[in-house]
Amino acid sequence: MRVLRGRAATIETDRDVSRRLLSTAADGEPAVRVWTPHRQVAFGRRDQRLEGYELARERARERGFPPVDRDVGGRAVAYDGEAALAFARAEPVADFRRGTDDRYKRATAAVEEALRGLESDTDSLEPTRGEPDDSFCPGTHSLSLEGADGRRRKVVGIAQRVRQNAAVVAGCVLVSNREGLAAVLESVYDALAVPFDPETVGSVAAAGGPSEPSIVRSALEDALVGDERSTVTIDTVPDLESD
């Protein structure tokens with residue numbers, strides 16, 4: 001299992017690193033990356049077809065979140081460059097028509113394991129599958145955590161991309177700063193005319209877990225990787241800006 005750590009200098013070069021996970025997997029070696037993306041709002045393909053898409057991009061820019069388009073996932077997700085993590089696990093596939101559900105199950109179970117293993121103000125964090133109505137980037141593979149007020153909020157979103165000989169399961173985990181992320185998402189979703197309730201945005205910290213992203217990142221990496229790994233830092237990845 002190859003593990004990539006760190007973040008490239010720009011949004012685009014950093015995205016190139018993630019794209020290369022699929023190439024690594026297609027060559028026969030599974031790969032995992034858990035990192036803190038640059039500050040941005042990543043729009044999904046469904047967003048790009050909406051009348052309010054350009055307005056949504058402008059609103060993201062006005063709030064200091066550069067807009068980008070992504071290949072995986074449904075609707076907009078915000079990263080603040082500090083407290084929102086992304087993860088991706090790529091693996092070879094022999095038949096792209098099979099295994100989708102199994103990959104989702106394994107990735108979801110790994111993220112659940114990571115969250116349960118974090119120290120918290122309660123006995124342990126207990127993620128539940130699913131999400132409240134009108135959550136950001138709504139989907140069928142989400143995890144929620146209960147906040148101190150007893151309300152269940154979305155903390156994890158998971159998506160998958162499959163090509164001929166490799167697949168990647170990717171997602172986001174909100175560690176802290178749920179209010180700040182909810183504010184930019186509220187403006188963006190309003191422009192898109194997509195139902196969104198900012199109160200559905202949760203975080204690990206709001207559920208009583210750690211607010212330090214590095215702690216959550218390490219737990220996620222361990223759960224997604226397992227025991228065997230070879231680690232590569234981003235600044236040693238060859239030909240990062242070519243292709």
Side-chain angles (χ1 to χ4, degrees), residues 1 3-8 14 17-18 32-42 64-65 73 77-89 106-132 135-137 139 141-159 169-186 197-227 229 231 233-234:
M1 176 76 72
V3 180
L4 273 66
R5 289 181 180 163
R7 182 173 74 184
D14 194 63
V17 173
S18 292
V32 163
R33 186 183 185 201
V34 184
W35 77 109
T36 307
H38 290 274
R39 188 177 178 93
Q40 62 190 273
V41 170
F65 286 74
V77 175
Y79 296 96
D80 61 0
E82 297 178 358
L85 297 174
F87 64 88
R89 180 164 68 184
R106 286 188 282 113
T108 301
V111 177
E112 288 176 322
E113 175 188 341
L115 293 176
R116 290 193 183 102
L118 296 171
E119 293 186 6
S120 69
D121 295 339
T122 59
D123 290 339
S124 65
L125 297 180
E126 188 53 51
T128 57
R129 300 191 180 190
E131 62 192 13
S135 292
F136 70 93
C137 195
H141 301 280
S142 302
L143 295 175
S144 299
L145 289 171
E146 186 176 296
D149 59 359
R151 182 167 181 173
R152 191 171 63 97
R153 295 180 170 90
K154 181 171 180 174
V155 174
V156 178
I158 304 175
V169 180
C172 64
V173 179
L174 307 186
V175 179
S176 61
N177 188 29
R178 77 172 196 85
E179 294 87 356
L181 294 168
V184 67
L185 287 171
E186 183 175 23
D197 178 1
E199 281 300 313
T200 63
V201 178
S203 71
V204 172
S211 59
E212 177 53 55
S214 63
I215 296 174
V216 182
R217 189 205 64 78
S218 294
L220 280 170
E221 182 181 285
D222 287 343
L224 288 166
V225 172
D227 295 330
R229 68 184 72 189
T231 302
T233 58
I234 295 307

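The residues of the chain are indexed from 1 along the displayed sequence. Computed from a predicted model, the values in this text were never measured in an experiment.
- Residues satisfying the ring-ring contact (aromatic ring centres under 6.0 Å, His included) test with His141, not counting sequence neighbours, are Tyr104.
- Residues in residues 175-184 take part in these salt bridge (charged side-chain N to carboxylate O under 4.0 Å, His left out) pairs, two or more places apart or across chains: Arg178-Glu199.
- Nearest heavy-atom pair, Ala86 versus Pro37, reported as atom, atom and distance to 0.1 Å: CB-CG, 3.5 Å.
- Taken to the nearest 0.5 Å, the CH2 atom of Trp35 stands 9.5 Å off from the CG atom of Leu4.
- Residues passing the side-chain contact (heavy atoms from CB on, under 4.5 Å) test with Ser135 are Glu131, Pro132, Lys154, Thr200, sequence neighbours excluded.
- In summary, the side chains of Arg33 and Ser18 do present a donor paired with an acceptor at a separation below 3.5 Å, with no hydrogens or angles considered.
- Residues satisfying the side-chain contact (heavy atoms from CB on, under 4.5 Å) test with Ser176, not counting sequence neighbours, are Ala83, Ala205, Ser211.
- Residues satisfying the side chain to side chain donor-acceptor pair (under 3.5 Å) criterion with Ser203, sequence neighbours excluded, are absent altogether.
- Between Val184 and Val41 the shortest side-chain heavy-atom distance falls below 4.5 Å.
- Looking at Arg7 and Thr36, their side chains come closer than 4.5 Å, going by heavy atoms from C-beta outward.
- Nearest heavy atom pair, residue Leu115 against residue Pro127, reads CD1-CB, 4.0 Å.
- Legend: residues meeting side-chain contact (heavy atoms from CB on, under 4.5 Å) with Thr128, ordered by chain and number and at least two apart, are Ser144, Arg152.
- Counting all heavy atoms, side chain and backbone alike, Leu181 lies closest to Ala84 at CD1-CB, 4.3 Å.
- Taken to the nearest 0.5 Å, the CZ atom of Phe136 stands 7.5 Å off from the OG atom of Ser142.
- When all heavy atoms of Ala107 and Val169 are compared, the pair lying nearest together is CB-CG1, 3.5 Å.
- By the side chain to side chain donor-acceptor pair (under 3.5 Å) test, Glu146 is found to be paired with no residue, residues two or more places apart in sequence or in another chain being considered.
- Between Val32 and Phe87, the closest side-chain pair of non-hydrogen atoms is not below 4.5 Å.
- Shown here are the side-chain contact (heavy atoms from CB on, under 4.5 Å) partners of Thr108, two or more places apart in sequence or in another chain: Glu112, Arg129, Leu143, Ile158.
- Taking the side chain to side chain donor-acceptor pair (under 3.5 Å) definition, one finds that Glu82 meets it with nothing, sequence neighbours left out.
- Between the Arg89 side chain and the Leu224 main chain, a donor and an acceptor come within less than 3.5 Å of each other.
- Listed by first then second residue, pairs satisfying salt bridge (charged side-chain N to carboxylate O under 4.0 Å, His left out) with a partner in residues 204-214 number zero, not counting sequence neighbours.
- For the side-chain contact (heavy atoms from CB on, under 4.5 Å) with Leu85, the lone residue among Val204, Leu220, Val156, Leu174 that qualifies is Leu220.
- When the side chain to side chain donor-acceptor pair (under 3.5 Å) test is applied to Arg217, the partners found at least two apart in sequence or on another chain are Glu221.
- Taken to the nearest 0.5 Å, the CG atom of Asp80 stands 13.0 Å off from the NE2 atom of His38.
- Closest heavy-atom contact between Gly171 and Tyr79: O-OH, 4.2 Å.
- Legend: residues meeting salt bridge (Lys or Arg N to Asp or Glu O under 4.0 Å) with Arg151, ordered by chain and number and at least two apart, are Asp197.
- The two atoms that bring Ala207 and Leu145 nearest to each other are CB-CB, 3.7 Å, heavy atoms only.
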